[in-house]
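Below you'll find the structure, written out as structure tokens, and then a few comments.
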Amino acid sequence: MKISPRVLSALLVLWVPAVALGFWGKKTDEERLKEKLQSVKVQLYVTGKAAVTKTAGSDEAKVVRERLLGVAGGAARTVKAARAGEAGAPAAGVGMTVKEVAALGKALWDMREVGKEVLSGDKGELPPLLPVVLGPLGVAPELVRRLDGPTDSAVLFTALALVKLHPESPVPIPSELILYEGSRTDPSRVKVPGFAGQLHALKTYTLAMSGMCDLAEKEARALDALGPATDAKQLAEAVKLLTGKEVTLSPAQLVAVNEATQVLAQGSLALCFFSREAWDKGRVALGRFLDAAERSGLDEPELQVLRAYVDCGSKTPELGKTRLTALSKREALPESVRDDLKHLEKSCGDKEASSQHKVVDKVRLGRVIVRVAWAHLKRSGLLEAVGDQAWVKAVGDFVSAMGEGIGKVPGGLQVSLGGAGWD
């Protein structure tokens, strides 16, 4: 069939702009991150920080400051009373009433222009937040002195991410707040030594879970550039600074610290690549996640299924088939694992089989990553050493209160806090 020049010209007029829009209309990770950092949620968060760190005279600023500092102070008193074994000491996790949360949300909303001005640069940089929060709580002066801008952001970034990721009692923190503090965190400038690798891993995770695979991959490369080992001396110095105690981690605990970083970074990177259907890159990252988990001796059925998935898509699918046969003989396997076995047994060796990719269901894989990373942190002893500190509890409750307040704003506008997923 011959197409006339006039018809061909008309088709080109329609086709060329459509193709151009396909390329030009695709936002880069940097553009998407910039949009998230200017969101209403971040405006409200920065507003809260401004109310606490600057002597704003408005009634709204007073409400925000009193609510947030009251929560932090109450958390610290709760931990200290529980340690001392005081009779009638309040239970941990005491927070705000529904009425107080609503009052905090309204106050944040009414003064949100402050947050907009700070983000636009019209108000300049805010002073560090944590010295204001922790100073009255009797925290070691040396630690407070180190809380400059980069270190302040790094601690807040870690606190926001961990209270959201906690497997037993997660707090619905908006991911935009974590990305905001993460974007302001430069691990090389943090004045608490020994945690650069963990910060790069956490940045990889937060970017990957927000679908920004290119930026996440850059952070993972920065983690690799640091080398495989945590400096035991630096880590000991950091723990002493944070807790006031001499803590020496065993070789096994140091391994757990190292592998926790790889588990979090590589697992989330794999999930991000899978969400883009970049199956080969996803398998490589998933393989590194599994290597880290196995070096610590973890042997869960879900991990064996994921390893079989990697093997089945490799040049040696027979290894995957052998692993599947061995796994199918285990007793009391979860039903989800049995289903995965069926999918893989049918498609092992066929890299393009869609049924094979069902095994890396994003929601389930996300839960496995968090569970395995948390298991490594528990084995490392860091959670026990640092997590029991009154000031750590205070910071956790502070950022939780901020998240709850941002979740409630007046006028019927509900800011989503993410539900079961990351966003």
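Without hydrogens or angle criteria, Glu302 side chain to Val337 main chain gives no donor-acceptor distance under 3.5 Å. At distances below 3.5 Å, at least one donor-acceptor pair connects side-chain atoms of Trp391 with backbone N or O atoms of Leu242. The backbone N or O of Ala265 lies less than 3.5 Å from a partner atom in the side chain of Ser268, making a donor-acceptor pair.
Scanning both residues, Leu147 and Pro128, for their nearest heavy atoms gives O-CB, 3.4 Å. Closest heavy-atom contact between Leu104 and Ala401: CD2-O, 3.6 Å. Listed here is the closest heavy atom pair of Ala238 and Val192: CB-CG1, 3.9 Å. Across all non-hydrogen atoms, the minimal contact from Val263 to Ala293 is CG2-N, 4.1 Å. Pairing each heavy atom of Ala260 with each of Ala373, the nearest pair is CB-O, 4.3 Å. The minimum heavy-atom distance linking Ala308 with Leu324 is given by the pair CB-CD2, 3.7 Å.
Within the model, atoms CG of Leu129 and CG of Leu156 stand 5.5 Å from one another, a figure rounded to the nearest 0.5 Å. The structure places CG of Leu33 at 12.5 Å from NZ of Lys27, a figure rounded to the nearest 0.5 Å. From Glu294, atom CD reaches atom CD of Gln304 across 6.0 Å, with rounding to the nearest 0.5 Å. Atom-to-atom distance recorded for Ser39:OG and Leu177:CG is 7.5 Å, nearest 0.5 angstrom. Summarising the geometry, atom CG belonging to Leu207 is positioned 11.0 Å from atom CD1 belonging to Ile178; distances are rounded to the nearest 0.5 Å. In this structure, Asp311 CG and Leu306 CG are separated by 11.0 Å, a value rounded to the nearest 0.5 Å.
Remark: Glu35 does not engage Arg32 in a salt bridge, criterion side-chain N to carboxylate O under 4.0 Å. Here Lys116 pairs with Glu113 in a salt bridge; the nearest charged N to carboxylate O distance falls below 4.0 Å. The pair Arg283-Asp280 meets the salt-bridge criterion, since a charged nitrogen lies less than 4.0 angstrom from a carboxylate oxygen. Residues Arg379 and Glu259 are not paired through a salt bridge, judged by the lack of any N-O separation under 4.0 Å between the basic side chain and the carboxylate. Looking at Asp152 and Lys191, no side-chain N of the basic residue comes within less than 4.0 Å of a carboxylate O on the acidic one, giving no salt bridge.
Checking Lys164, Lys41, Lys34 one by one against Glu176, the salt bridge (charged side-chain N to carboxylate O under 4.0 Å, His left out) holds for a single residue, Lys41. The side chain to side chain contact (heavy atoms under 4.5 Å, CB included) test with Val399 singles out one residue from Leu68, Leu160, Val155, Thr158, and that residue is Leu160. Just one of Arg307, Gln266, Gln262 meets the side-chain hydrogen bond (donor to acceptor under 3.5 Å, both in side chains) condition when paired with Asp291; it is Arg307. Of the residues Thr28, Asp29, Thr206, the one that meets the side chain to side chain contact (heavy atoms under 4.5 Å, CB included) test with Leu215 is Asp29.
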| field | Evaluation steps, side chain to side chain contact (heavy atoms under 4.5 Å, CB included), between Asp224 and Arg288 | value | CA-CA 12 Å; Asp224 288 342; Arg288 296 189 66 182; 3.1 Å; yes
| task | Would you check, one step at a time, whether the test side chain to side chain contact (heavy atoms under 4.5 Å, CB included) holds for Phe157 with Leu199? | result | CA-CA 9 Å; Phe157 168 56; Leu199 288 170; 4.2 Å; yes
| message | One pair to check against side chain to side chain contact (heavy atoms under 4.5 Å, CB included): Leu254 and Leu235. What are the steps and the verdict? | response | CA-CA 9 Å; Leu254 286 172; Leu235 193 59; 3.9 Å; yes
| message | Under the criterion side chain to side chain contact (heavy atoms under 4.5 Å, CB included), I'd like the reasoning laid out for Leu179 against Ser210: C-alpha separation, chi angles, the key distance, then a yes or no. | response | CA-CA 9 Å; Leu179 287 168; Ser210 295; 3.5 Å; yes
| So Thr151 and Asp148, side-chain hydrogen bond (donor to acceptor under 3.5 Å, both in side chains) or not? Walk me through it. | CA-CA 5 Å; Thr151 308; Asp148 59 359; 2.7 Å; yes
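Side-chain contact between Phe195 and Val190 is absent, with no heavy atoms from C-beta onward closer than 4.5 Å. When side chains are defined from C-beta on, Leu119 does not count as touching Leu37, because their heavy atoms never get closer than 4.5 Å. In this structure the side chain of Cys348 never reaches within 4.5 angstrom of the side chain of Arg323, judged on heavy atoms. You'll find the side chain of Phe398 stays beyond 4.5 Å of the side chain of Val163, heavy atoms only. Between Ser336 and Val305 there is no side-chain heavy-atom pair separated by less than 4.5 Å. In this structure the side chain of Leu162 never reaches within 4.5 angstrom of the side chain of His166, judged on heavy atoms. Annotation: side chain of Lys36 is in contact with side chain of Met212 (closest heavy-atom distance under 4.5 Å). Residues Gln198 and Val257 meet the side-chain proximity criterion, which asks for heavy atoms closer than 4.5 Å.
Applying the disulfide bond (SG atoms under 2.5 Å apart) test to every pair with at least one member in residues 237-273, sequence neighbours left out, gives these pairs: Cys213-Cys272. For residues 204-221, the pairs satisfying salt bridge (Lys or Arg N to Asp or Glu O under 4.0 Å) are Glu30-Lys218, Lys203-Glu219, Asp214-Arg276, Glu217-Arg221, Glu217-Lys281, with sequence neighbours left out.
Judged purely by distance below 3.5 Å, without hydrogens or angles, the side chains of Ser153 and Glu181 pair a donor atom with an acceptor atom.
For CZ of Arg189, the number of neighbouring non-hydrogen atoms (other residues, nucleotides, ligands) closer than 6.0 Å is 12 at most.
Because its NZ or CZ atom is not both nearer than 6.0 Å to the ring centre of Trp374 and within 45° of the ring axis, Arg371 does not count as a cation-pi partner of that residue.
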